[in-house]
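Everything numeric here is computed off the predicted structure, so don't read it as measured data. Heads up: numbering here begins at 1 and tracks the sequence.
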Amino acid sequence: MQKLVTIFLSDDDDDDMEVTSHLEEELQDGWQIASMVPVGVGAGSGAGGESDDEGHCYVAGWLAVLLEK
């Protein structure tokens, strides 16, 4: 059995960068990661086109994760 999971990652929130936390329930339920592919990864400025107070921009993208059981 296979299942495809997509995960949005953004360094706006450090918790989003913890991939394991997004898959915790599946992994505890016996699913295993068969493959992981980055999709649409990019960098930019905030939603309003601005950077933060220190001039940093964000990095964001998606991971497509194929799980097998």
Side-chain angles (χ1 to χ4, degrees):
M1 187 174 0
Q2 294 183 323
K3 175 163 69 168
L4 180 66
V5 178
T6 57
I7 301 170
F8 178 70
L9 301 174
S10 169
D11 71 352
D12 278 345
D13 180 357
D14 289 338
D15 290 339
D16 282 350
M17 300 304 277
E18 298 292 328
V19 175
T20 345
S21 66
H22 292 284
L23 298 173
E24 186 172 1
E25 288 182 27
E26 286 88 352
L27 296 174
Q28 287 177 353
D29 194 33
W31 290 92
Q32 295 183 353
I33 297 171
S35 66
M36 202 177 318
V37 178
V39 180
V41 176
S45 54
E50 72 285 350
S51 56
D52 65 15
D53 292 339
E54 297 174 1
H56 299 122
C57 295
Y58 72 90
V59 176
W62 291 86
L63 278 181
V65 182
L66 180 63
L67 301 173
E68 290 183 339
K69 194 172 189 182

Colleague: Does some side-chain heavy atom of Met1 sit less than 4.5 Å from a side-chain heavy atom of Trp31?
Modeller: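 Heavy-atom side-chain distance check passes, below 4.5 Å.
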
Colleague: Measure across Met36 and Leu63 and return the closest heavy-atom pair with its distance rounded to 0.1 Å.
Modeller: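 Residues Met36 and Leu63, closest heavy atoms: SD-CD1, 3.6 Å.
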
Colleague: Can you see which heavy atom on Gly30 is nearest to which on Lys69, and at what distance?
Modeller: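 Reported closest heavy-atom pair: O-CG, 4.0 Å.
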
Colleague: So do Ile33 and Leu67 actually touch side chain to side chain, heavy atoms under 4.5 Å?
Modeller: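 The answer is yes; the side chains approach within 4.5 Å.
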
Colleague: Any chain of hydrophobic side-chain contacts (each under 4.5 Å) joining Val5 to Leu27?
Modeller: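 Yes, it is one cluster - the side chains of Val5 and Leu27 are joined through contacts under 4.5 Å.
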
